[in-house]
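Notes follow once the structure below has been shown.
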Amino acid sequence: MKRIIRMLFLAVAMAALCGTANAQKSEKQRMSREQLAEVQARHIARQLAFDDKTTAKFVDTYTRCQKEIWTLAPRNKDRRGTAKTDAETEKAMKERFERSQKLLDIREKYYEEYGKFLTPKQIQRVYAIEKNMMNRLGKRAGRRNGRARR
């Protein structure tokens with residue numbers, strides 16, 4: 001009987017310790033949008049071998065750009081399989097065009113900002129690195145959610 005109680009106690013203790021360790025791990029891995037944008041900006045700056053002054057300007061400009069993009073509000077994810085009327089479909093398309101135009105305006109604005117301290121080739125490389133990062137993050141999120149990405 002004592003042996004069963006010991007084993008039960010040991011199992012409960014292990015479960016409690018594993019739960020605590022997992023909670024700490026997930027807290028460390030989760031970062032805010034602002035932190036993620038800053039990490040991305042620093043990664044891009046490292047890839048392009050910017051000096052400290054340029055890196056500081058780039059990180060500031062990049063994070064401001066990301067914040068403006070976030071203010072566009074999240075995309076409305078269409079529920080697949082739900083029937084929409086023609087009016088709902090048209091409204092959704094117009095909202096999508098509006099959002100795309102606002103996004104383009106922001107990108108043009110920040111192209112000008114980047115142009116004050118980066119060359120056009122560097123800006124093009126920034127966008128290419130950013131796109132690759134977003135693709136990787138998207139694939140990773142897809143795997144985490146159990147969806148296969150093409």
Side-chain angles (χ1 to χ4, degrees), residues 10-85 87-150:
L10 184 60
V12 169
M14 290 296 286
L17 288 174
C18 289
T20 305
N22 283 338
Q24 290 174 351
K25 185 177 178 183
S26 66
E27 287 174 11
K28 286 181 184 176
Q29 290 179 347
R30 194 75 177 161
M31 56 173 89
S32 70
R33 280 177 147 183
E34 290 81 10
Q35 290 171 323
L36 180 61
E38 188 172 329
V39 167
Q40 288 174 330
R42 291 193 184 285
H43 173 75
I44 293 169
R46 246 190 333 273
Q47 290 284 313
L48 295 173
F50 292 158
D51 62 14
D52 291 341
K53 184 179 175 184
T54 306
T55 297
K57 284 182 189 177
F58 177 73
V59 169
D60 178 56
T61 307
Y62 185 86
T63 53
R64 282 189 289 123
C65 178
Q66 291 301 308
K67 286 178 185 176
E68 278 193 46
I69 290 171
W70 297 331
T71 61
L72 294 180
R75 289 183 233 172
N76 295 331
K77 294 193 177 184
D78 294 332
R79 294 186 184 140
R80 295 177 191 223
T82 57
K84 288 185 175 182
T85 65
E88 290 172 330
T89 303
E90 184 176 356
K91 181 182 178 218
M93 289 301 294
K94 287 187 178 184
E95 287 173 356
R96 191 177 192 185
F97 293 147
E98 259 181 53
R99 185 178 191 284
S100 294
Q101 185 61 51
K102 288 177 184 176
L103 186 59
L104 179 61
D105 293 343
I106 290 170
R107 288 179 67 89
E108 285 179 349
K109 172 185 172 184
Y110 280 93
Y111 178 80
E112 296 297 323
E113 290 285 322
Y114 291 140
K116 293 176 183 174
F117 58 93
L118 298 176
T119 67
K121 285 185 180 183
Q122 287 175 318
I123 298 169
Q124 182 180 21
R125 187 78 178 114
V126 165
Y127 288 145
I129 293 170
E130 181 182 31
K131 182 179 179 183
N132 287 338
M133 280 192 306
M134 295 315 236
N135 287 340
R136 272 190 311 218
L137 288 173
K139 285 179 183 176
R140 190 178 300 163
R143 283 194 305 262
R144 213 177 17 244
N145 293 334
R147 294 187 306 249
R149 294 251 181 184
R150 293 179 198 165

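When all heavy atoms of Phe50 and Gln122 are compared, the closest pair comes out as CE2-NE2, 3.7 Å. When all heavy atoms of Ala41 and Phe58 are compared, the pair lying nearest together is O-CE2, 3.4 Å. Here the closest heavy-atom approach between residue Lys102 and residue Leu72 is recorded as CB-CD2, 3.6 Å. Cys65 and Tyr114 get closest at one heavy-atom pair: CB-OH, 4.3 Å.
A salt bridge links Lys91 and Glu95; the closest N-O separation between the charged side-chain nitrogens and carboxylate oxygens is under 4.0 Å. In this structure, Asp60 pairs ionically with Arg64, as a charged nitrogen and a carboxylate oxygen lie closer than 4.0 Å. Salt bridge annotation for Lys94-Glu90: present, with a cationic side-chain nitrogen under 4.0 angstrom from a carboxylate oxygen.
With rounding to the nearest 0.5 Å, the separation of CG in Leu48 from CD1 in Ile129 is 4.0 Å.
Within the structure, salt bridge (charged side-chain N to carboxylate O under 4.0 Å, His left out) pairs that include any residue of residues 42-57 comprise Glu38-Arg42 (at least two apart or interchain).
Side-chain contact between Lys67 and Glu34 is present, with at least one heavy-atom pair separated by less than 4.5 Å.
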query = Passes salt bridge (Lys or Arg N to Asp or Glu O under 4.0 Å), Lys116 versus Glu113? Steps please.
reply = CA-CA 6 Å; Lys116 293 176 183 174; Glu113 290 285 322; 3.6 Å; yes

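Enclosure of atom CD in Gln124 is not indicated, since only 12 or fewer non-hydrogen atoms of other residues, nucleotides or ligands lie within 6.0 angstrom.
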